[in-house]
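First the structure, in the form of structure tokens, and then the observations on it.
On a predicted model such as this, the values are computed, not experimentally measured, just so you know. For this chain, numbers begin at 1 and follow the sequence in order.
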Amino acid sequence: MSDIEKKHPPLSDNPEKDAKGASEIFTNSKPESDEDLEETRERILRQHREELEQRGELKEQQIPILPLTQFFGKGNKDFDVNAIATQPSVYDNPAAAAYFKPHPDYENLHRFDPSCRWTWKEELPLINKMDLKITVWACVAFFGLDLGRGNLSQANTDNFLPDLGMTTNDYNLGNTVYQMSFLCAELPSQMVSKKLGPDRWIPFIMCSWSIISGAQFFLTGRTSFLVTRALLGLLQGGFIPDVVLYLTYFFKGNELPFRLALFWCVRRVTDIIAPIIAFGVLRMRGVLGYEGWRWLFLIEGIFMLSIGIWSIFMMAPSPTQTKRPWRPKGWFDEREEKILVNRILRDDPSKCDMHNRQAITLRMLLRSLSDYELWPIYIFGLLWEIPAGPPDQYLTLTLRNLGFGTFDANLLSIPCQFLGAVSMCVMTYLSTIWDERALFGLFTQFWYLPSLVALAVLPDNAGPWAQYAVVTTLLSYPSPHAMHVAWGSCNSNSVRTRAVSAALYNMMVQLARVIYSNIYREDDAPKYRRGNRGFYIYTNRKRERAWNAMTEDERIHYLDTTKDKGSAKKDFRFAH
């Protein structure tokens with residue numbers, strides 16, 4: 001037992017009384033099935049939190065929920081690094097703790113110790129080390145993913161479609177094939193990852209998609225384009241939910257959202273770096289007789305493959321499984337492993353109910369799918385990105401159609417990516433501090449509205465810079481993506497549901513991308529006004545059906561008695 005553990009007793013001021021009270025509350029509700037056990041655990045957690053709040057003993061995180069937290073702690077004069085960092089937990093109550101015993105095969109069982117106590121001086125450096133080992137890896141790996149799924153946008157600025165004899169509709173079909181393949185691969189990939197372990201599965205799919213992406217150098221036309229789109233979607237589909245589950249093995253619930261924000265910030269950073277790479281590589285058009293976009297696919301494929309190979313040696317299965325032949329001492333000593341394991345379980349006891357290489361059975365999968373309380377989050381995933389999706393997907397093509405050159409179009413796509421990354425991090429941080437998610441997600445929709453209206457009504461003679469300003473404002477939106485994924489993880493309350501929820505949420509996001517990939521059509525180019533006015537078209541058609549279903553007398557009665565005003569009247573049609 002460490003000096004800290006000797007000096008500091010259990011956090012409760014009367015553990016014997018708490019144990020007796022918990023025993024009286026829960027003795028008569030001992031579970032007879034897994035479902036009963038989960039219900040009992042939920043009741044215990046609610047009761048535990050209520051008791052702590054009543055006694056004024058509920059400890060919240062006392063430092064900013066940000067990477068490199070040690071530096072924030074040092075900069076705060078009121079912050080005592082020698083204070084106990086151990087948070088209150090059901091494990092402080094023996095009777096309640098009996099319901100949260102780790103699974104016998106739990107990989108970190110040998111470091112589980114409910115009596116363990118530690119200070120912020122011990123915990124903060126460990127959080128920093130995990131950020132350097134885990135968060136940085138996740139961000140670099142996501143860069144490899146997004147480089148491969150976004151380079152088609154840069155290729156478009158180098159006459160990719162004309163060179164292959166394809167049209168915008170072929171491009172839409174390719175995006176649809178990719179998104180559908182990506183969507184279909186999400187859940188199966190997550191199931192394989194849960195069985196084999198993310199540290200094995202993720203590097204494999206990364207190396208595989210890198211080879212396919214580089215092979216696009218040899219595209220010959222529509223068929224080969226669609227085949228590679230399908231293969232890339234199948235291989236890349238499971239990456240994001242796999243990484244999200246992997247991060248939950250190392251970080252607490254209130255630490256996860258901002259890490260995920262950084263993770264998705266990489267998408268924006270990639271959209272800044274990729275055009276700069278393309279700026280140089282696309283100038284290779286004519287080298288050995290090949291187009292510049294072919295060299296772009298090949299060079300970026302090689303770069304992604306190097307990230308996949310690096311990931312093989314970088315990833316570790318869990319905080320207590322970091323030793324490898326190439327890393328004989330591991331990342332942490334015994335004391336550090338004990339702190340890392342117990343800080344995670346005290347925050348969320350459900351994280352020890354499965355082994356990290358334990359497969360999710362069909363029964364577990366069906367139970368997770370039936371957790372209807374999480375469905376609203378999945379619906380948010382379906383809806384939130386649709387308004388900004390088409391302008392984002394067609395940004396470089398739109399800039400080309402506005403008269404900007406190949407290289408200017410790539411460089412002009414950078415400002416909105418930078419502003420979007422900053423706004424997402426700010427909003428995610430505020431949502432964590434204020435413990436609010438739904439309202440922040442709604443704020444994103446209000447951000448979209450003015451720019452979408454402007455795109456729909458902007459005069460045809462508006463200059464290219466005016467249109468560019470509107471699109472840039474729209475695409476600088478604060479994405480709620482990281483916030484929503486962490487929300488689903490926080491509400492899962494079991495490893496099985498946490499694994500499934502990450503995949504289901506991302507499937508809804510991909511389904512939204514299938515929808516918006518077909519909003520802009522060839523006959524609507526180059527300004528895609530019909531696509532940008534989709535809301536008005538939908539509303540007009542809906543009203544037309546309702547109006548045509550009415551008799552003449554019913555129409556007269558409606559006009560005489562309706563309380564609808566202005567544009568809300570059923571006989572009014574929006575211009576578009």
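- Interatomic distance, N128 CG to E123 CD, rounded to the nearest 0.5 Å: 10.5 Å.
- For Y106, there are no ring-ring contact (aromatic ring centres under 6.0 Å, His included) partners, not counting sequence neighbours.
- Y178 is linked by a side chain to side chain donor-acceptor pair (under 3.5 Å) to Q236, counting only residues two or more places apart in sequence or in another chain.
- For the pair R149 and L232, the minimum side-chain heavy-atom distance is 4.5 Å or more.
- In this structure the side chain of W118 reaches within 4.5 angstrom of the side chain of N342, judged on heavy atoms.
- Across all non-hydrogen atoms, the minimal contact from M304 to S213 is CE-OG, 3.2 Å.
- Note that CD1 of I205 and OG of S210 are 10.0 Å apart. Values are rounded to the nearest 0.5 Å.
- Listed here is the closest heavy atom pair of I307 and G144: CD1-CA, 3.9 Å.
- Here the straight-line distance linking atom CG of D347 with atom OG1 of T248 works out to 11.0 Å at 0.5 Å rounding.
- Of all heavy-atom pairs between G420 and S423, the closest is O-OG, 3.0 Å.
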inquiry  = Assess the residue pair Y249 and N108 against the criterion (side chain to side chain contact (heavy atoms under 4.5 Å, CB included)); give the C-alpha distance rounded to whole Å, side-chain angles, the decisive distance to 0.1 Å, and a yes or no.
reply    = CA-CA 10 Å; Y249 294 163; N108 301 315; over 6 Å; no
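- At a threshold of 4.5 Å between non-hydrogen side-chain atoms, the residues F142 and I240 count as touching.
- Interatomic distance, CG of L147 versus CZ of R267, reported as 13.5 Å (0.5 Å rounding).
- Considering only residues two or more places apart in sequence or on other chains, S311 meets the side chain to side chain donor-acceptor pair (under 3.5 Å) condition with W137.
- Distance alone, capped at 3.5 Å, places no donor-acceptor pair between the R259 side chain and the T135 backbone.
- C184 and P188 get closest at one heavy-atom pair: O-CD, 3.2 Å.
- With a 4.5 Å cut-off on side-chain heavy atoms, K133 and M314 count as touching.
- The main-chain N or O of C116 is never found under 3.5 Å from a side-chain atom of K338 such that the two would form a donor-acceptor pair.
- Side-chain contact between F258 and F251: absent, with no pair of heavy atoms (C-beta onward) separated by less than 4.5 Å.
- Annotation: side chain of W264 is not in contact with side chain of T428 (no heavy-atom distance under 4.5 Å).
- A 6.0 Å sphere centred on CZ of F112 holds more than 12 heavy atoms belonging to other residues, nucleotides or ligands.
- Distance check, rounded to the nearest 0.5 Å: OG1 of T119 to CZ of R117 gives 13.0 Å.
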- Yes or no on side chain to side chain contact (heavy atoms under 4.5 Å, CB included) for I309 and C207, after CA distance, side-chain angles and deciding distance? CA-CA 7 Å; I309 294 173; C207 293; 4.1 Å; yes
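- With sequence neighbours left out, L340 forms a side-chain contact (heavy atoms from CB on, under 4.5 Å) with L126, M130, P319, F332, R343.
- For E337, the salt bridge (Lys or Arg N to Asp or Glu O under 4.0 Å) partners at least two apart in sequence or on another chain are R111.
- The side-chain contact (heavy atoms from CB on, under 4.5 Å) check on L234 picks up S181, A185, with sequence neighbours excluded.
- Residues satisfying the side-chain contact (heavy atoms from CB on, under 4.5 Å) test with R324, not counting sequence neighbours, are D199, P317, W326, R327, R357.
- For S193, the side-chain contact (heavy atoms from CB on, under 4.5 Å) partners at least two apart in sequence or on another chain are Q190, P198, W201, D242.
- Residues V266 and D146 have side chains not in contact (no heavy-atom distance under 4.5 Å, counting atoms from C-beta outward).
- Not one N or O on the side chain of Q179 forms a donor-acceptor pair closer than 3.5 Å with the backbone of T176.
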Side chain to side chain contact (heavy atoms under 4.5 Å, CB included) between K351 and L345: does it pass, once the steps are laid out?
-> CA-CA 6 Å; K351 290 185 178 179; L345 297 188; 4.1 Å; yes
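- Considering every non-hydrogen atom in both K121 and P125, the closest pair reads O-CD, 3.1 Å.
- In terms of heavy atoms, K194 sits closest to H355 at NZ-O, 2.7 Å.
- Rounded to the nearest 0.5 Å, atoms CD1 (I211) and CG (L231) are 12.0 Å apart.
- The backbone N or O of A316 lies less than 3.5 Å from a partner atom in the side chain of Y246, making a donor-acceptor pair.
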